[in-house]
Amino acid sequence: MSPALLDIHLTDGDADAALRADVRAGLTTIPKQLPPKWFYDARGSELFELITELPEYYPTRTERALLERSADAIAITSGADTIVELGSGSSAKTRLLLDAFGRTGSLRRYVPQDVSEAALRSAMDALSVEYPNLELHGVVGDFTSHLHRLPRGKHRMVAFLGGTIGNLLPAERAEFLERLRAVLQPGEQLLLGTGLVIDEETLVRAYDDSAGVTAEFNRNVLRVLNRELRANFPVEEFTHRALWDAENEWIEMRLVAQSAITVTLAELGLEVHFAAGEEMRTEISAKFTGPGVRAMLEEAGFTITRTWTDPDDRFALTLATAT
């Protein structure tokens with residue numbers, strides 16, 4: 001069995017400082033907003049897993065089915081000896097790629113990267129049993145700031161799946177892709193998963209399910225702030241709203257104050273006022289078109305090698321090469 005390595009570039013103290021900075025900035029701007037990464041405490045992660053199983057939420061199962069059909073072609077086209085995965089979590093979908101690359105005989109190493117050391121250790125423990133001949137090199141870090149800490153290799157393919165790039169604002173996407181290109185050698189690759197623009201009704205239903213699971217997931221960020229920053233958000237006084245912004249081609253999730261509310265965040269020494277009906281943005285989930293993905297990648301210094309889409313054109317996997 002190959003030894004597993006784990007590099008730690010993000011500590012609990014770093015995460016606490018980032019939370020404080022993000023919340024202070026987001027709650028003192030107009031309109032108010034919070035970054036979606038703070039959804040994912042243990043309860044938030046559980047709720048998101050439930051969301052992926054909902055009939056309305058098509059992205060996860062669509063991407064997985066697309067990976068099942070395309071993994072062998074991706075492996076043959078890429079030929080990489082190292083797969084780096086950003087935001088790897090449990091590495092569940094990645095096993096499809098590991099198996100496919102294993103069949104080509106090119107794969108030597110898997111580098112999962114995640115902000116959660118516990119999640120990464122758990123995933124690597126399981127993978128070391130399932131893939132005893134695969135070198136594992138985990139990286140605890142944030143993909144927005146620790147790309148330069150990724151281990152180098154002869155021929156890496158960086159997988160950024162789940163449509164996660166859609167959670168970044170346009171300027172943030174451009175900066176992320178430019179930083180990623182800067183750490184790749186010419187010929188190394190990016191496998192990018194993107195949700196595609198489809199009809200508004202289906203999109204909104206995916207983020208506002210009839211069972212209210214997404215609403216609970218959205219409100220959970222307030223429970224995170226109550227616990228971590230000694231805030232006193234009256235969680236049930238905020239309702240969930242999802243809407244499609246056609247101009248920006250993204251879904252917005254918002255929390256709406258049902259009455260005038262004053263919240264104290266003791267750890268920040270901050271008092272925040274919400275007017276009745278005031279909305280706070282908690283997530284964007286951008287959707288893309290084929291030309292839009294191409295332009296975004298080419299501007300950052302990539303060329304598209306091949307794109308795979310599902311039969312309903314709801315999701316795309318794009319293999320792009322650093323030029």
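Predicted, not measured: the structure shown is a model, and the values here were computed from it.
Membership of the apolar cluster around Leu169 extends to Trp250, Ile284, as traced through chained side-chain contacts below 4.5 Å between ILVMFWY residues.
No donor-acceptor pair under 3.5 Å is formed between the side chain of Thr77 and the backbone N or O of Ile74. Without hydrogens or angle criteria, Asn248 side chain to Asp245 main chain gives no donor-acceptor distance under 3.5 Å. A donor-acceptor pair is defined here as one N or O able to donate and one able to accept, closer than 3.5 Å; no such pair exists between the side chain of Arg219 and the backbone of Glu237. Asp310 contributes no side-chain N or O that, together with a main-chain N or O of Leu66, makes up a donor-acceptor pair within less than 3.5 Å.
Once rounded to the nearest 0.5 Å, the distance linking OG of Ser285 with CD of Glu252 reads 11.0 Å. Leu161 CG to Leu67 CG: the interatomic distance, rounded to the nearest 0.5 Å, is 6.0 Å. Note that CZ of Arg24 and OG1 of Thr29 are 14.0 Å apart. Values are rounded to the nearest 0.5 Å. With rounding to the nearest 0.5 angstrom, the OG atom of Ser106 is 9.5 Å from the CE atom of Met157. Note that OG of Ser128 and CG of Leu134 are 10.0 Å apart. Values are rounded to the nearest 0.5 Å. Between the CG atom of Leu6 and the CG atom of Leu136 there is a distance of 10.5 Å, given to the nearest 0.5 Å.
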ask   = Could you go step by step and tell me if Thr28 and Leu270 meet the side chain to side chain contact (heavy atoms under 4.5 Å, CB included) rule?
value = CA-CA 9 Å; Thr28 55; Leu270 183 65; 4.1 Å; yes

| task | Check the pair Leu127 / Leu98 against side chain to side chain contact (heavy atoms under 4.5 Å, CB included), numbers first and verdict last. | result | CA-CA 10 Å; Leu127 289 165; Leu98 297 181; 4.0 Å; yes

- When you look at Phe288 and Arg173, which way does the side chain to side chain contact (heavy atoms under 4.5 Å, CB included) test go after all the steps? CA-CA 12 Å; Phe288 299 86; Arg173 285 178 229 152; 3.6 Å; yes

Checking Thr82 against Arg108 for the side chain to side chain contact (heavy atoms under 4.5 Å, CB included) test, could you report, in this order, the C-alpha distance in whole Å, the side-chain angles of both residues, the deciding distance, and whether it holds? CA-CA 6 Å; Thr82 297; Arg108 299 289 178 267; 5.5 Å; no

Report task. Tell me, with the steps shown, if Thr202 and Tyr58 meet side-chain hydrogen bond (donor to acceptor under 3.5 Å, both in side chains). Result -> CA-CA 9 Å; Thr202 302; Tyr58 66 86; over 6 Å; no

Would you tabulate the side-chain donor-acceptor contacts of residues 118-125 under 3.5 Å, counting partners in other chains and residues two or more places apart, or write 'none'?
unit_1 : atom_1 : unit_2 : atom_2 : d
Arg121 : NE     : Glu117 : OE2    : 2.9
Arg121 : NH2    : Glu117 : OE2    : 2.9

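Using a 4.0 Å cut-off between charged nitrogen and carboxylate oxygen, Arg103 and Asp72 count as a salt-bridge pair. Salt bridge Glu178/Arg181: absent, no basic N to carboxylate O contact under 4.0 Å. Using a 4.0 Å cut-off between charged nitrogen and carboxylate oxygen, Glu249 and Lys287 do not count as a salt-bridge pair.
Stacking of Arg223 on the aromatic ring of Phe233 is not recorded, the 6.0 Å distance cut-off and the 45° axial limit not both being met.
Following chains of ILVMFWY side-chain contacts shorter than 4.5 Å, one cannot reach Val256 starting from Val213, and the two form parts of different hydrophobic clusters. Linking ILVMFWY residues whenever their side-chain heavy atoms come closer than 4.5 Å, directly or via other members, leaves Phe315 and Leu86 in distinct clusters. Side-chain heavy atoms closer than 4.5 Å link hydrophobic residues (I, L, V, M, F, W, Y) into clusters, and following such links, even through other members, never connects Trp38 to Leu10. Linking Ile, Leu, Val, Met, Phe, Trp and Tyr whenever their side-chain heavy atoms come within less than 4.5 Å puts Phe238 and Leu229 in one cluster. No continuous path of ILVMFWY side-chain contacts below 4.5 Å connects Leu243 to Met280, so the two sit in separate hydrophobic clusters.
Thr62 is linked by a side chain to side chain donor-acceptor pair (under 3.5 Å) to nothing, counting only residues two or more places apart in sequence or in another chain. The salt bridge (Lys or Arg N to Asp or Glu O under 4.0 Å) check on Glu298 picks up Arg294, with sequence neighbours excluded. The ring pair (Phe, Tyr, Trp, His ring centres under 6.0 Å) check on Phe176 picks up Phe143, Phe160, with sequence neighbours excluded. For the ring pair (Phe, Tyr, Trp, His ring centres under 6.0 Å) test, residues two or more places apart in sequence or in another chain that qualify with Tyr40 are Phe48, Phe217.
Proximity of Val204 to Glu200: side-chain heavy atoms (C-beta onward) are separated by under 4.5 Å at one or more points. Proximity of Asp22 to Leu34: side-chain heavy atoms (C-beta onward) are nowhere separated by under 4.5 Å. Under the 4.5 Å side-chain criterion, counting only non-hydrogen atoms from C-beta, Arg227 is in contact with Val224. Contact of the Leu97 side chain with the Leu107 side chain is not registered, since no non-hydrogen atoms from C-beta on lie closer than 4.5 Å.
Using modelled atom types and a 3.5 Å distance limit, the side chains of Asn232 and Asn226 yield no donor-acceptor pair. Counting only N and O atoms by type, the side chains of Thr144 and Asp142 include a donor and acceptor under 3.5 Å apart. Side chains of His240 and Asn218: a donor-acceptor N/O pair is present below 3.5 angstrom, by distance only. Between the side chains of Ser78 and Gln189, at least one donor N or O sits under 3.5 Å from an acceptor N or O. Using modelled atom types, one finds a donor on one side chain and an acceptor on the other under 3.5 Å when comparing Thr305 with Thr321. Between Tyr131 and Asp99, the side chains place a donor N or O and an acceptor N or O closer than 3.5 Å (distance only, hydrogens not considered). With no hydrogens or angles considered, no side-chain donor-acceptor pair links Asn167 and Thr164 at under 3.5 Å. Between Tyr110 and Glu135, the side chains place no donor N or O within less than 3.5 Å of an acceptor N or O (distance only, hydrogens not considered). Using a 3.5 Å distance cut-off with no hydrogens or angles, the side chains of Asp209 and Thr214 do pair a donor with an acceptor.
Here the rule is side-chain contact (heavy atoms from CB on, under 4.5 Å) with Arg254, and of Arg241, Gln33, Lys32 only Arg241 fits it.
For Glu130, the CD atom sits in a packed shell: over 12 heavy atoms of surrounding residues, nucleotides or ligands are nearer than 6.0 Å. Shown here is Asp199, whose CG atom has more than 12 heavy atoms of other residues, nucleotides or ligands within 6.0 Å.
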